[in-house]
Protein chains: 2
Amino acid sequence: MTLLSQTSRYALQATAYMAECEDGAHRATVGDIASALGVPRNYLSKILHQLAKRGILTSTRGPGGGFRLATPPEQIRLIEIIETVEPRPAARECLLGRPVCSDTTPCSAHDRWREVNDAMTRFLEETTLADLAIGARRDGRDDV
Amino acid sequence: MTLLSQTSRYALQATAYMAECEDGAHRATVGDIASALGVPRNYLSKILHQLAKRGILTSTRGPGGGFRLATPPEQIRLIEIIETVEPRPAARECLLGRPVCSDTTPCSAHDRWREVNDAMTRFLEETTLADLAIGARRDGRDDV
DNA sequence: GCTTAAAATCATATGACCATGATAATAGGA
DNA sequence: TCCTATTATCATGGTCATATGATTTTAAGC
């Protein structure tokens, strides 16, 4: 019943943190992020490495190095981050997984379950890292 | 990203199966259910045992025994089944788990995430086993 | 009582997720 | 060239979800 794995939450937390730090351009080191968010350092390192392989982050080694967002936060959808760190199982058609309960011969729960699924999927696809910034407004109104 | 654990799905499948078999009164053996649904027998046995301890099912041993629904399917909400087989973690307020993003200082994603959470919770609380029966109609209209 | 059908329980295994600590590779700057 | 900061990688371990197979307990029917 936990909707997101711990790993996914770490990934979202870390990238949201990077989206917020405006110093330079969304750059931070593993050490910074790990201590700021209180997440295990080496584990986070591996997660960020995955995100870098996927192209969501860029990494540079050595002094002055670290990770940074490869694109502006507005262009990074949450689904991309989550799909990177956990293998995405194909969305289940019926919550029971039984074939006889399909769209053509549904139980009443079938439709309502799909609504829940769709809401989840839509959220992850429509929300970007920019939306996670504290005080961010979905519609772009930053006044008032 | 899988909304329900395998164990929860087994529990729902098995109880839905029992809700459907009208022979006598929603009774079945582990063996019947396991082979009908193709789920591991001993594992299912333990799940059904948990549901019996919780009072959702009754069990009788020996020849002619088996499991049966303790109450009519209309009175068994999906949430009760799921809570029995997996420890329910307290609903997470923020999808990032960060305290500063609360209801008072939310990011825009916060509200929309809560909507998704609420939709999920509402579904599990409002849906009963009877709703999972093939051809069941939420509003009770069985004609047309 | 004996046999048999069924749940209940016990022992064990596997893989994934979630880590921890140590080491290697890279690169900037003195 | 050496030191140091940083990512990258390696080895290892714990816990839990998900099983599998064997054994024990219960109870019905002959």
Side-chain angles (χ1 to χ4, degrees), chain A residues 1-15 18 24 27-70 82-89 97, chain B residues 1-15 18 24 27-70 82-89 97:
Chain A
M1 267 284 309
T2 152
L3 301 191
L4 289 180
S5 69
Q6 183 63 260
T7 303
S8 290
R9 247 175 288 130
Y10 285 163
L12 290 181
Q13 279 183 266
T15 50
M18 294 170 76
R27 182 199 154 274
T29 68
V30 175
D32 288 347
I33 303 173
S35 60
L37 301 178
V39 310
R41 203 199 123 96
N42 280 359
Y43 194 63
L44 181 61
S45 174
K46 257 176 282 191
I47 294 171
L48 296 185
H49 178 60
Q50 285 182 276
L51 292 169
K53 266 198 305 188
R54 164 79 173 248
I56 294 170
L57 305 179
T58 62
S59 72
T60 55
R61 300 210 260 197
F67 290 92
R68 58 198 308 169
L69 300 184
I82 290 172
E83 279 180 343
T84 301
V85 298
E86 56 182 293
R88 174 129 133 122
Chain B
M1 266 284 309
T2 151
L3 299 191
L4 289 179
S5 70
Q6 183 65 262
T7 303
S8 290
R9 249 176 286 131
Y10 286 163
L12 289 181
Q13 278 185 266
T15 49
M18 295 171 75
R27 182 199 153 274
T29 69
V30 174
D32 289 347
I33 303 173
S35 61
L37 302 178
V39 310
R41 202 200 122 95
N42 280 359
Y43 194 63
L44 180 61
S45 174
K46 257 177 284 191
I47 294 172
L48 296 185
H49 179 60
Q50 285 182 276
L51 293 169
K53 267 199 302 185
R54 163 78 173 248
I56 293 170
L57 305 178
T58 62
S59 72
T60 55
R61 300 211 261 198
F67 290 91
R68 60 197 307 169
L69 300 184
I82 290 171
E83 281 181 342
T84 300
V85 298
E86 56 182 295
R88 174 127 131 122

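Below, chain A is the first sequence line, B the second, and so on; all start at residue 1.
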- Closest heavy-atom pair and its distance - B:Q13, B:V39: OE1-CG1, 4.5 Å

- Task: Applying side chain to side chain donor-acceptor pair (under 3.5 Å), name anything that partners A:D32, two or more places apart in sequence or on another chain.
- Result: A:T29

- Task: Can you see which heavy atom on B:R54 is nearest to which on B:T84, and at what distance?
- Result: NH1-OG1, 3.2 Å

- Rounding to 0.5 Å, atoms NE2 (B:H49) and NZ (B:K53) come to a distance of 5.0 Å

- Heavy-atom pair with the smallest gap, counting every atom of B:L4 and B:T2: O-OG1, 2.8 Å

- What is the bend of the helix from C:dG1-D:dC30 to C:dA30-D:dT1 when you compare the axis at one end with the axis at the other, using five pairs each and rounding to 10°? 10°

- Message: Tell me every residue that passes side chain to side chain contact (heavy atoms under 4.5 Å, CB included) with A:R41, counting only those two or more places apart in sequence or in another chain.
- Response: A:V30, A:A34

All N/O contacts under 3.5 Å from nucleotides 23-30 of chain C to the protein, with atom names and distances to one decimal?
none

- Listed partners of B:S59 passing side chain to side chain donor-acceptor pair (under 3.5 Å), at least two apart: none

- Note on the structure: By side chain to side chain donor-acceptor pair (under 3.5 Å), A:S8 pairs with (sequence neighbours left out) A:S5, A:E86

- Task: Examine D:dT7: is either OP1 or OP2 under 4.0 Å from a nitrogen or oxygen in the side chain of A:H49? Give yes or no.
- Result: no

- Task: Check the distance between C:dA7's P and B:L44's CG and give it to me in whole angstrom.
- Result: 9 Å

- Residue set satisfying side chain to side chain contact (heavy atoms under 4.5 Å, CB included) with B:T58, at least two apart, ordered chain then number -> B:R68, B:A70

- Note on the structure: From CD of B:Q50 across to C1' of C:dT9 the rounded distance in Å is 14 Å

- Value in whole Å for how far the P atom of D:dT9 lies from CG of A:L48: 13 Å

Give me the distances for all protein-to-nucleotides 17-22 of chain D N/O pairs that come in under 3.5 Å?
{"from": "D:dT18", "atom 1": "OP1", "to": "B:Q6", "atom 2": "N", "distance (Å)": "3.0"}
{"from": "D:dT18", "atom 1": "OP2", "to": "B:T7", "atom 2": "N", "distance (Å)": "3.3"}
{"from": "D:dT18", "atom 1": "OP2", "to": "B:T7", "atom 2": "OG1", "distance (Å)": "2.1"}
{"from": "D:dA19", "atom 1": "OP2", "to": "B:Y10", "atom 2": "OH", "distance (Å)": "2.8"}
{"from": "D:dT20", "atom 1": "O4", "to": "B:K46", "atom 2": "NZ", "distance (Å)": "3.4"}
{"from": "D:dG21", "atom 1": "N7", "to": "B:N42", "atom 2": "ND2", "distance (Å)": "2.5"}
{"from": "D:dG21", "atom 1": "O6", "to": "B:N42", "atom 2": "ND2", "distance (Å)": "3.1"}
{"from": "D:dA22", "atom 1": "N6", "to": "B:N42", "atom 2": "ND2", "distance (Å)": "3.1"}

- In whole angstroms, how far is the C1' atom of C:dA7 from the CG atom of B:L51? 14 Å

- Query: Among residues 28-38 of chain B, which residues get a heavy atom nearer than 4.0 Å to DNA chain D?
  - Reply: none

- Under the side-chain contact (heavy atoms from CB on, under 4.5 Å) criterion, do A:L44 and A:L37 qualify, and how do the steps go? CA-CA 10 Å; A:L44 181 61; A:L37 301 178; 5.8 Å; no

- Note on the structure: From CG of A:L4 across to C1' of C:dC18 the rounded distance in Å is 16 Å

- Item | For B:T7, side chain to side chain donor-acceptor pair (under 3.5 Å) partners two or more places apart | B:Y43

- Message: Testing the basics here: between B:M18 and B:L57, what is the closest heavy-atom pair and its distance to 0.1 Å?
- Response: CE-CD2, 4.0 Å

- Smallest heavy-atom separation, B:L69 atom then B:T15 atom, equals CD2-O, 4.4 Å

